[in-house]
Protein chains: 2
Amino acid sequence: MGDSERSEPEEEIMEATYEALCEHGYADLTVQRIATKLEKSTAAIHYHYDTKDELLVAFLEYLLDGMDEWLKADDEDAPRERLSSLLDSLLPEEPHDEGFTVAMTDMRAQAPHNEAFREQFVERDAYTLDLLAAAIEDGIEEGTFREVEPRGAARSLLTIADGGWSRYVVLDDDDALVRARGTAREYVEGSLEATTEG
Amino acid sequence: MGDSERSEPEEEIMEATYEALCEHGYADLTVQRIATKLEKSTAAIHYHYDTKDELLVAFLEYLLDGMDEWLKADDEDAPRERLSSLLDSLLPEEPHDEGFTVAMTDMRAQAPHNEAFREQFVERDAYTLDLLAAAIEDGIEEGTFREVEPRGAARSLLTIADGGWSRYVVLDDDDALVRARGTAREYVEGSLEATTEG
DNA sequence: CCTACCGATCGGTAGG
DNA sequence: CCTACCGATCGGTAGG
């Protein structure tokens with residue numbers, strides 16, 4: 001996914017945007033504040049991105065690219081372990097970056113007001129769903145999982161993950177991710193894994 | 001919960017804020033835009049609320065008060081039905097108001113940047129959690145549910161609900177709520193209901 | 001990339 | 001509640 005080429009100055013603008021977003025939130029994110037983090041003028045930013053909206057669309061792509069790093073499924077693994085490690089990376093024990101989750105939540109809330117944002121989230125979601133569904137499907141063929149609808153089950157797990165992140169950020173609940181991980185595990189055990197046979 | 005007394009003009013300001021928020025989103029929500037919806041001057045708003053922040057805190061309370069209406073548990077019902085109807089109101093077939101969910105998501109994303117916001121969400125969450133946990137606890141005593149940790153199970157169900165709403169709004173997925181309702185049902189069946197005994 | 005600047009709009013207030 | 005206005009800041013541009 002993604003990995004669009006970014007020039008050195010553009011990369012710096014993305015980092016500055018990230019810092020400004022974490023500190024001020026989307027509603028108070030201004031080109032001036034990004035420029036301050038960048039330690040350059042606002043004109044320097046408009047030189048690379050014509051409008052603020054264009055900058056933010058590029059920034060969302062940058063944010064989502066960053067997620068690619070830590071969502072890996074080892075095709076060598078058995079389906080159950082592959083699904084488990086996918087869930088571990090979706091709901092990590094230790095969130096990678098404090099501000100990242102806040103920034104992501106801020107951007108997600110803009111989706112209803114910005115079609116370009118929403119399209120990127122939808123695309124990303126479809127990609128993650130495919131990874132989960134593939135692991136589940138393999139597990140069904142193998143006999144590890146029951147004959148459920150793979151994409152439906154994958155969507156259930158993504159719903160649990162999204163809910164966990166939402167609660168982690170909104171309620172400032174440090175345990176929300178670990179708990180959601182537990183809920184996901186329960187769901188796998190209760191609705192996916194084959195009932196004790198033999 | 002809530003039901004703080006609001007004067008007639010204050011009620012009108014809340015409605016105008018709601019309309020402006022739905023139309024423009026939180027980031028582009030200005031006192032002027034609220035005043036336009038109100039068909040009065042911005043000074044009329046500042047007469048009732050000293051600052052924009054004060055107005056928005058009051059507005060969030062207004063929003064959450066509105067939720068009270070449709071989250072009712074009939075104490076007469078048996079635990080399983082009470083839990084089921086709670087989940088139905090948390091994840092309704094037909095969302096009550098188009099803009100309501102968008103407005104709520106917008107406000108939720110502000111929680112990390114506004115402590116007063118977050119406190120209200122935390123309080124609301126605790127209240128909902130209590131209702132769910134009570135139904136589960138009664139079900140355990142009755143023998144309908146297994147001997148799980150009631151609040152833990154309730155939190156799992158809330159996570160599923162939050163995830164469903166998040167996906168409904170962010171991905172503009174009309175089926176997200178119904179699907180989340182199904183996931184919640186699966187969770188109840190797989191992790192709560194007593195395994196076939198007798 | 002910078003300086004300097006544009007018109008528009010921001011949240012908020014004074015005076016009535 | 002309104003009119004009129006405040007200083008500050010907004011996104012963006014011209015000229016170099």
Side-chain angles (χ1 to χ4, degrees), chain A residues 5-63 103 106-107 109-111 113-117, chain B residues 5-63 103 106-107 109-111 113-117:
Chain A
E5 60 301 325
R6 262 179 290 271
S7 67
E8 171 92 19
E10 281 167 351
E11 186 75 24
E12 284 169 8
I13 292 174
M14 293 298 100
E15 286 165 21
T17 304
Y18 177 74
E19 289 172 41
L21 178 58
C22 292
E23 185 168 325
H24 304 286
Y26 188 93
D28 294 322
L29 181 65
T30 66
V31 177
Q32 179 56 60
R33 280 178 166 145
I34 298 171
T36 300
K37 292 289 181 191
L38 188 64
E39 293 182 299
K40 299 215 169 129
S41 72
T42 60
I45 292 171
H46 280 109
Y47 174 79
H48 292 281
Y49 301 96
D50 282 347
T51 65
K52 187 189 180 189
D53 187 69
E54 188 183 309
L55 161 64
L56 290 174
V57 170
F59 174 71
L60 178 54
E61 199 176 342
Y62 164 84
L63 257 194
D106 254 313
M107 298 297 282
Q110 299 309 315
H113 310 110
N114 188 321
E115 191 154 355
F117 282 20
Chain B
E5 60 302 324
R6 261 179 292 269
S7 67
E8 171 91 19
E10 280 167 352
E11 186 75 24
E12 284 169 8
I13 291 174
M14 293 297 100
E15 287 166 19
T17 304
Y18 177 75
E19 289 173 42
L21 179 58
C22 292
E23 185 168 326
H24 304 286
Y26 187 94
D28 294 322
L29 182 64
T30 67
V31 178
Q32 179 56 60
R33 279 177 167 146
I34 298 171
T36 300
K37 292 289 180 191
L38 188 63
E39 293 182 301
K40 297 210 171 133
S41 72
T42 61
I45 292 171
H46 281 109
Y47 174 80
H48 292 280
Y49 302 96
D50 282 349
T51 65
K52 187 190 179 188
D53 188 69
E54 188 183 309
L55 161 65
L56 290 174
V57 170
F59 174 70
L60 178 54
E61 199 176 342
Y62 165 84
L63 257 195
D106 255 313
M107 299 297 281
Q110 299 309 313
H113 311 110
N114 189 321
E115 191 155 355
F117 281 21

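Chain A is the first sequence line, chain B the second, and so forth, proteins listed ahead of strands; every chain is numbered from 1. Here the structure is a predicted model, which is why all the values come from computation and not from measurement.
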From [atom1] of [X] over to [atom2] of [N], roughly how many Å is that when rounded to an integer?
X       : N      : atom1 : atom2 : answer
B:Ile45 : C:dT13 : CD1   : C1'   : 15 Å
B:His24 : D:dC10 : NE2   : P     : 20 Å
A:Lys52 : D:dG12 : NZ    : C1'   : 12 Å
B:Glu10 : D:dC1  : CD    : P     : 10 Å
A:Glu54 : D:dG11 : CD    : C1'   : 13 Å
B:His46 : D:dT3  : NE2   : C1'   : 16 Å

### Query
What do the steps show when you test B:His113 against A:Asp106 for side chain to side chain donor-acceptor pair (under 3.5 Å), and what is the final call?
CA-CA 10 Å; B:His113 311 110; A:Asp106 254 313; 3.3 Å; yes
### Query
Now, which nucleotide makes the Watson-Crick or G-U wobble pair with D:dG15, with each of the two distances under 3.5 Å?
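Answer to the pairing question: C:dC2, which forms a Watson-Crick or G-U pair with D:dG15.
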### Query
Hey, what do you get for CD (A:Glu10) to CD (A:Glu5), rounding to the nearest 0.5 Å?
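Reported to 0.5 Å precision, the distance equals 8.5 Å.
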### Query
Quick one: are B:Tyr49 and B:Val57 in side-chain contact, heavy atoms under 4.5 Å?
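Contact flag for B:Tyr49/B:Val57 side chains = no.
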### Query
How close do A:Leu21 and A:Ala103 get, heavy atom to heavy atom, and via which atoms?
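Heavy atoms of A:Leu21 and A:Ala103 come nearest at CD2-CB, 3.6 Å.
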#### Entry: Which residue lies more 5' along DNA chain D, comparing A:Ala43 with A:Asp28 via nearest heavy atoms
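Per heavy-atom nearest nucleotide, the more 5' residue is A:Asp28.
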#### Entry: Nearest-nucleotide comparison on DNA chain D, the residue closer to the 5′ end among B:Pro9 and A:Val31
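This one resolves to B:Pro9.
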### Query
Which part of the nucleic acid, if any, lies within contact of A:Thr30, taking any heavy atom under 4.0 Å across all strands shown: a base, the sugar-phosphate backbone alone, or nothing?
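Counting heavy atoms under 4.0 Å across all strands, the contact made by A:Thr30 is with sugar-phosphate only.
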### Query
Using a cut-off of 4.0 Å on non-hydrogen atoms, how would the nucleic acid contact of A:Leu29 be classed: base, sugar-phosphate, or nothing?
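Sugar-phosphate only.
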### Task
Might you confirm whether atom CD of A:Glu54 has over 12 heavy atoms from other residues, nucleotides or ligands at distances under 6.0 Å?
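It does: A:Glu54 CD has more than 12 such atoms within range.
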Tell me which nucleotide among [options] gets nearest to the side chain of [X].
X       : options              : value
A:Gln32 : D:dC10, C:dC2, D:dC1 : D:dC10
A:His48 : C:dC1, C:dG12, D:dC1 : C:dC1
B:Thr51 : D:dC1, C:dC2, C:dG12 : C:dG12

### Task
Look at A:Ser41 and C:dC2 and indicate whether a side-chain polar atom (N or O) is within less than 4.0 Å of OP1 or OP2.
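The answer is yes; a side-chain N or O of A:Ser41 sits under 4.0 Å from OP1 or OP2.
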### Task
Would you mind telling me which residue lines up with the more 5' stretch of DNA chain C, A:Thr42 or A:Tyr47, judged by nearest nucleotide?
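Per heavy-atom nearest nucleotide, the more 5' residue is A:Tyr47.
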